Amino acid sequence: MALKQISSNKCFEGFQKVYEHDSVELKCKMKFGIYLPPKAETGKCPVLYWLSGLTCTEQNFITKAGYHQAAAEHGLIVVAPDTSPRGCNIKGEDDSWDFGTGAGFYVNATEEPWKTHYRMYSYVIDELPKLINANFPADPEKISIFGHSMGGHGALICALKNPGKYKSVSAFSPICNPVLCPWGKKAFSGYLGTDQSKWEAYDATHLVKSYPDSHLDILIDQGKDDQFLKDGQLLPDNFIAACAERKIPVVFRLQEGYDHNYYFIATFINDHIKHHAKYLNA
């Protein structure tokens with residue numbers, strides 16, 4: 001599959017690059033950011049996948065999170081895909097900020113007119129890793145995943161639906177129980193239809209209840225002054241309770257004074273990189 005390099009910038013002795021390709025799963029052109037640490041010049045490196053939130057592209061994380069120095073020090077390739085298909089000419093795809101363009105929710109849609117293009121789940125767990133492994137010095141046996149908000153939801157469900165695939169998982173302000181929050185209800189009814197039992201297959205709080213073992217160390221940072229937490233969009237308490245019931249270890253840190261944005265992410269990103277490096281470099 002052909003990759004077209006869009007940009008390349010030296011950063012902490014590695015390179016932050018952006019590529020474009022034709023996606024088989026999404027049937028459109030997609031972009032992703034990839035940071036190649038200095039170690040990538042001499043050998044294969046573990047890969048850490050980042051999933052961004054609503055309205056984001058591949059640019060938000062790579063320009064705002066400030067993760068490059070830690071990734072360089074730990075020798076991690078970091079991949080940040082876009083959050084949805086783009087320019088598919090689907091009626092209604094640009095009508096709202098929390099559904100359609102920029103809001104793929106990391107599900108495989110089953111409803112018309114979304115099911116042909118909106119297959120972000122398969123793109124993230126299958127197509128993108130194959131692309132990375134085939135074109136970059138990536139160690140296919142060492143991958144982890146993290147994300148923010150809608151992308152935190154995506155990271156959690158990818159890890160929970162694929163036991164053993166990811167060495168570790170973490171999230172900032174994840175949408176933990178989408179079947180019960182307004183964002184999730186809107187997205188899931190549109191992409192997956194009205195049968196709410198199908199929604200549970202993409203809900204971290206439901207998935208953790210049937211996770212086969214406890215070999216998954218989860219780190220979550222949540223801003224205490226996050227408006228979306230107050231609005232009932234994130235519902236972390238439900239997820240923590242489900243993890244406790246299954247004895248799955250989760251470190252949940254409620255950070256005083258922080259909200260939902262990238263200043264919050266930049267403050268704690270090094271902790272998350274270290275969390276993943278512990279498992280990826282083991």
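Source: prediction; values computed, not measured. Residue indices begin at 1 and follow the sequence shown.
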Short side-chain donor-acceptor distance under 3.5 Å, [Y] and [X]:
X	Y	value
Ser8	Lys17	yes
Ser149	His260	yes
His272	Ser170	yes

Using the rule given for side chain to side chain contact (heavy atoms under 4.5 Å, CB included), can you reason through Trp114 versus Glu93, listing the C-alpha separation, both sets of side-chain angles and the distance that settles it, and then say yes or no? CA-CA 9 Å; Trp114 311 100; Glu93 69 182 343; 3.9 Å; yes
NZ/Lys198: more than 12 non-hydrogen atoms of other groups inside 6.0 Å: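 12 or below, so no.
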Row check, Tyr202 ring normal vs Lys161 NZ/CZ: under 6.0 Å, within 45°: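 Flagged: Lys161 positioned over aromatic ring of Tyr202.
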Are side-chain heavy atoms of Tyr123 and Pro81 found at a separation under 4.5 Å?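 They are in contact (side-chain heavy atoms under 4.5 Å apart), so the answer is yes.
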Would you say that Leu76 contacts Cys45 through its side chain, given a criterion of any heavy-atom pair below 4.5 Å between the two side chains?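 Answer no - side chains too far apart.
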Review item, side-chain donor-acceptor pairs of residues 53-60, under 3.5 Å, at least two apart:
from: Thr57; atom 1: OG1; to: Gln59; atom 2: N; distance (Å): 3.0
from: Asn60; atom 1: OD1; to: Thr57; atom 2: N; distance (Å): 2.9

Please evaluate residues Trp183 and Phe105 with respect to the criterion side chain to side chain contact (heavy atoms under 4.5 Å, CB included), reporting the C-alpha separation (whole Å), side-chain torsions for both, the decisive distance (0.1 Å), and the verdict. CA-CA 10 Å; Trp183 280 338; Phe105 265 86; 4.0 Å; yes
Test Val79 against every option in Tyr19, Phe32, Phe136, Trp50 by the side-chain contact (heavy atoms from CB on, under 4.5 Å) rule and name the one that passes.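 The single option meeting the side-chain contact (heavy atoms from CB on, under 4.5 Å) with Val79 is Phe32.
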Classify the ring geometry between Phe146 and Phe61 as parallel (under 30°), tilted (30 to 60°) or perpendicular (over 60°).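 Ring orientation of Phe146 relative to Phe61: perpendicular.
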